[in-house]
A.B. asks: 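I'd like to ask you about the structure that follows.
Numbering of residues begins at 1 and proceeds along the displayed sequence.
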Amino acid sequence: MKILIILLTINLYVFGSIDRMAGREVSFSLKKLEEIASQLPPQYLVDTDSIMACPDLCPNKSIVIQYNDKHQVSHLGISMFSKETKEIINKPVCNFIERLLLELTLLRDNNEILSLLDHNNVQFQKNGRRLQKSDVNSMGEILREIEEPAYFTLSKDDKDYTVGWKYGQQNQLIIQFPLNRELITGANRIESDNALFDQLLVDNPCKSTSDVKTILSSRTGLVSNDEQIFIAKGDTFMLGIINDNKYYKKTTGGYELIYDENFPKESLSNLFLGNFDDNNLKIKVKHSMYGNFNPEYEMNLNDFICFFKNDFRIFTASIQKEPGVIHSTIVFQNRQYNYIHLLTIITQKETIFKKNGVIFASFRSNIPQHNINSLFGDIVSN
């Protein structure tokens, strides 16, 4: 478990325009933000990035509002972190905390506060005691107590984030919440799928780098059952067959990462895990998106893989069920928010090695990790 401790300066200042937006339609990047804004007094919906005092909602704290490049409101919250601090800690997590605190502050009834926390599996502890109905009349009362200097901590395990503030003499407020993409980002499944679709189709050159060595000088760390394929064993994902093993063959210069027609399923796995800059294959994707939207698009395979390499771990399971046909499942796992994308390929082995060959694939995105057990029954049976 990693723990980050930082001396926190809480934003209490006012920046930017505070022109009122009465009579002007406001656009939001997420439905969640629109729902929160509908409960805000209109004077806080200003038309530019701002941090402004909100004494009627939360004395000695401020509201932060931010816009994206489409001039949509992209963030609303109780300002608890500077822009620089968010980059040091974890910007999505910091934005979630600010957004959650605003959402709770707008609930004046302690039953509603505890109900929202329970619904989202969020726990509040104040001075070592879990928040009870009798402890709170409004979130503003709790936040008002957090004054500078406040020491902020953040830790993370496989299931939860835990954040806390130490302030005053011996006071401490702790919030624990699950590693859940929808909860932390505020985006529902449709919004997340649409965002991924838009980002995938932006023509940006790959900036990812691979630490996979294409040539090894010795056999150290490799295992083999047949002295033809040498395996650099990696980790597994839920099942042993789904892994990030790399496959090598012996050459005069040592051991070379396999991309060879004699080993098609190992070659296909290596394409997703290795570093083949000269790969000119295409991938044609049928993207099964939430909301019954199933677009198809074609792009360079390297660009598709590169898009996920920095933020996801990639695991593969490739088998040859019938002669010349490779079945492969590729899992892109985001461990920060416990969700996956799932790519399924059935292809002729010749396509894998054909210049400008096109691999056809089905793609399902933004699947919560706790919902995926049933998917892998299909993988094993295939």
Side-chain angles (χ1 to χ4, degrees), residues 200 204-285 299-320 323-335 340-341 343-361 379:
L200 270 171
N204 289 322
C206 181
K207 295 182 176 61
S208 174
T209 58
S210 173
D211 58 0
V212 178
K213 295 181 178 179
T214 55
I215 299 290
L216 300 177
S217 58
S218 73
R219 186 174 170 170
T220 303
L222 300 178
V223 297
S224 178
N225 294 324
D226 56 13
E227 296 300 310
Q228 287 188 307
I229 298 173
F230 299 84
I231 306 171
K233 285 196 171 285
D235 295 324
T236 61
F237 181 79
M238 299 192 71
L239 299 171
I241 192 175
I242 308 171
N243 55 63
D244 60 358
N245 295 347
K246 286 81 177 176
Y247 302 93
Y248 292 82
K249 64 179 181 179
K250 186 171 177 55
T251 65
T252 54
Y255 296 84
E256 180 180 353
L257 199 65
I258 289 175
Y259 183 55
D260 185 321
E261 294 184 29
N262 294 312
F263 308 106
K265 62 186 181 70
E266 290 81 10
S267 296
L268 186 56
S269 289
N270 278 348
L271 280 172
F272 282 88
L273 300 170
N275 188 15
F276 295 97
D277 292 334
D278 56 349
N279 163 33
N280 52 27
L281 291 171
K282 308 283 187 182
I283 185 168
K284 186 167 185 178
V285 176
M299 59 193 301
N300 292 329
L301 179 61
N302 269 355
D303 290 341
F304 183 86
I305 297 169
C306 176
F307 179 86
F308 299 103
K309 270 192 175 179
N310 289 333
D311 298 321
F312 292 79
R313 290 199 64 180
I314 303 176
F315 300 88
T316 71
S318 296
I319 59 174
Q320 185 168 329
V325 180
I326 308 300
H327 296 244
S328 189
T329 296
I330 295 90
V331 176
F332 302 91
Q333 181 203 20
N334 186 299
R335 292 190 297 177
I340 69 164
H341 305 311
L343 189 75
T344 305
I345 294 170
I346 301 176
T347 187
Q348 298 292 322
K349 73 173 187 178
E350 291 82 6
T351 303
I352 302 170
F353 308 98
K354 183 179 179 181
K355 184 176 181 180
N356 297 319
V358 179
I359 294 175
F360 291 84
I379 293 170

A.B. asks: Would you say D244's side chain and D235's backbone share a donor-acceptor pair under 3.5 angstrom?
C.D. replies: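 Pair found, side chain donor or acceptor close to backbone of D235.
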A.B. asks: Measure the spacing between CD1 of I231 and OH of Y248 and express it to the nearest 0.5 Å.
C.D. replies: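 It comes to 12.0 Å.
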A.B. asks: Is the side chain of D226 donor-acceptor paired with the backbone N or O of Q228 at a distance under 3.5 Å, no angle test?
C.D. replies: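 Such a contact is found between D226 side chain and Q228 backbone.
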A.B. asks: Which heavy-atom pair separates K249 from I258 by the least distance, and what is that distance?
C.D. replies: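 Shortest heavy-atom contact: N-CG1, 3.6 Å.
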A.B. asks: Between T316 and S318, is there a side-chain donor-acceptor contact under 3.5 Å, judged purely by atom types and distance?
C.D. replies: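 Their side chains do not contain a donor-acceptor pair, so the 3.5 Å distance test is not met.
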A.B. asks: Nearest 0.5 Å, what's the NZ-CZ distance between K282 and F360?
C.D. replies: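 Taking NZ in K282 and CZ in F360, the distance rounds to 13.0 Å.
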A.B. asks: Shortest non-hydrogen contact from S328 to L268?
C.D. replies: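 Taking every non-hydrogen atom into account, CB-CD2, 3.5 Å.
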A.B. asks: Would you find more than 12 non-hydrogen atoms of other residues, nucleotides or ligands less than 6.0 Å from N225 atom CG?
C.D. replies: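 Result for CG/N225: open.
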A.B. asks: Do the side chain of N245 and the main chain of G234 share a donor and acceptor less than 3.5 angstrom apart?
C.D. replies: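 Confirmed, N245 side chain pairs with G234 backbone.
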A.B. asks: Any donor and acceptor pair, going by atom type alone, linking the side chain of T344 with main-chain N or O of T329 inside 3.5 Å?
C.D. replies: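 Checked: no pair found.
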A.B. asks: I'd like to know if the side chain of K349 and the backbone of T347 have a donor-acceptor N/O pair within less than 3.5 Å.
C.D. replies: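 It does not hold such a pair.
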A.B. asks: Would you please indicate if the ring centroids of F353 and Y259 are separated by under 6.0 Å?
C.D. replies: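 Distance test on ring centres: under 6.0 Å, yes.
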A.B. asks: Answer with yes or no whether the side chains of N262 and D260 bring together a donor and an acceptor at under 3.5 Å.
C.D. replies: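 Per modelled atom types, D260 and N262 side chains form a pair under 3.5 Å.
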A.B. asks: Would you find more than 12 non-hydrogen atoms of other residues, nucleotides or ligands less than 6.0 Å from R335 atom CZ?
C.D. replies: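 Check fails, neighbour count at 12 or below.
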A.B. asks: Is there a side-chain contact between I305 and I314, using heavy atoms and a 4.5 Å cut-off?
C.D. replies: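 The answer is yes, as the side chains (C-beta and beyond) meet within the 4.5 Å cut-off.
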A.B. asks: Please report the shortest heavy-atom distance between V358 and T351, naming the atom on each side.
C.D. replies: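 Shortest heavy-atom separation between V358 and T351 comes out as O-CG2, 3.2 Å.
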A.B. asks: Taking the six-membered ring for Trp, are F315 and F237 closer than 6.0 Å centroid to centroid?
C.D. replies: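 Ring-ring flag for F315/F237: true, centres closer than 6.0 Å.
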A.B. asks: If you round to the nearest 0.5 Å, how far is OG1 of T251 from CG of L257?
C.D. replies: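 Separation between the atoms: 11.5 Å.
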A.B. asks: Any chance you could measure N300, atom CG, to C306, atom SG, to the nearest 0.5 Å?
C.D. replies: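 If I round to the nearest 0.5 Å, the distance is 11.0 Å.
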A.B. asks: Compare every heavy atom of L281 with every heavy atom of K354, then report the nearest pair and how far apart it is.
C.D. replies: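 Result for this residue pair: O-CD2, 3.4 Å.
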A.B. asks: Is any side-chain heavy atom of L343 closer than 4.5 Å to one of F272?
C.D. replies: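 A side-chain contact under 4.5 Å exists here.
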A.B. asks: Aromatic rings F332 and F304: how do their planes relate, parallel, tilted or perpendicular, breaks at 30° and 60°?
C.D. replies: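 Plane angle over 60°, so perpendicular.
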A.B. asks: Atom CD1 in I326, atom CD in E266: separation rounded to 0.5 Å?
C.D. replies: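 Interatomic distance, I326 CD1 to E266 CD, rounded to 0.5 Å: 8.5 Å.
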A.B. asks: Mind listing the closest non-hydrogen atom pair of N280 and K355 along with its distance?
C.D. replies: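 N280 and K355 have their closest heavy atoms at ND2-CG, 3.4 Å.
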A.B. asks: Using the rule given for side chain to side chain contact (heavy atoms under 4.5 Å, CB included), can you reason through L200 versus V285, listing the C-alpha separation, both sets of side-chain angles and the distance that settles it, and then say yes or no?
C.D. replies: CA-CA 11 Å; L200 270 171; V285 176; over 6 Å; no
A.B. asks: Considering all heavy atoms of both residues, which atom of I242 and which atom of A317 are nearest to each other, and what is their separation?
C.D. replies: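 For I242 versus A317, the nearest heavy atoms are CG1-CB, 4.0 Å.
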A.B. asks: Are any non-hydrogen side-chain atoms of V325 and I346 less than 4.5 angstrom apart?
C.D. replies: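 Sidechains of I346 and V325: in contact.
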A.B. asks: In Å and rounded to the nearest 0.5 Å, what is the CD to CD distance from E261 to E350?
C.D. replies: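 Here the rounded value is 7.5 Å.
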A.B. asks: Using side chain to side chain contact (heavy atoms under 4.5 Å, CB included), reason through Y255 and K250 one step at a time and then give a plain yes or no.
C.D. replies: CA-CA 4 Å; Y255 296 84; K250 186 171 177 55; 3.7 Å; yes
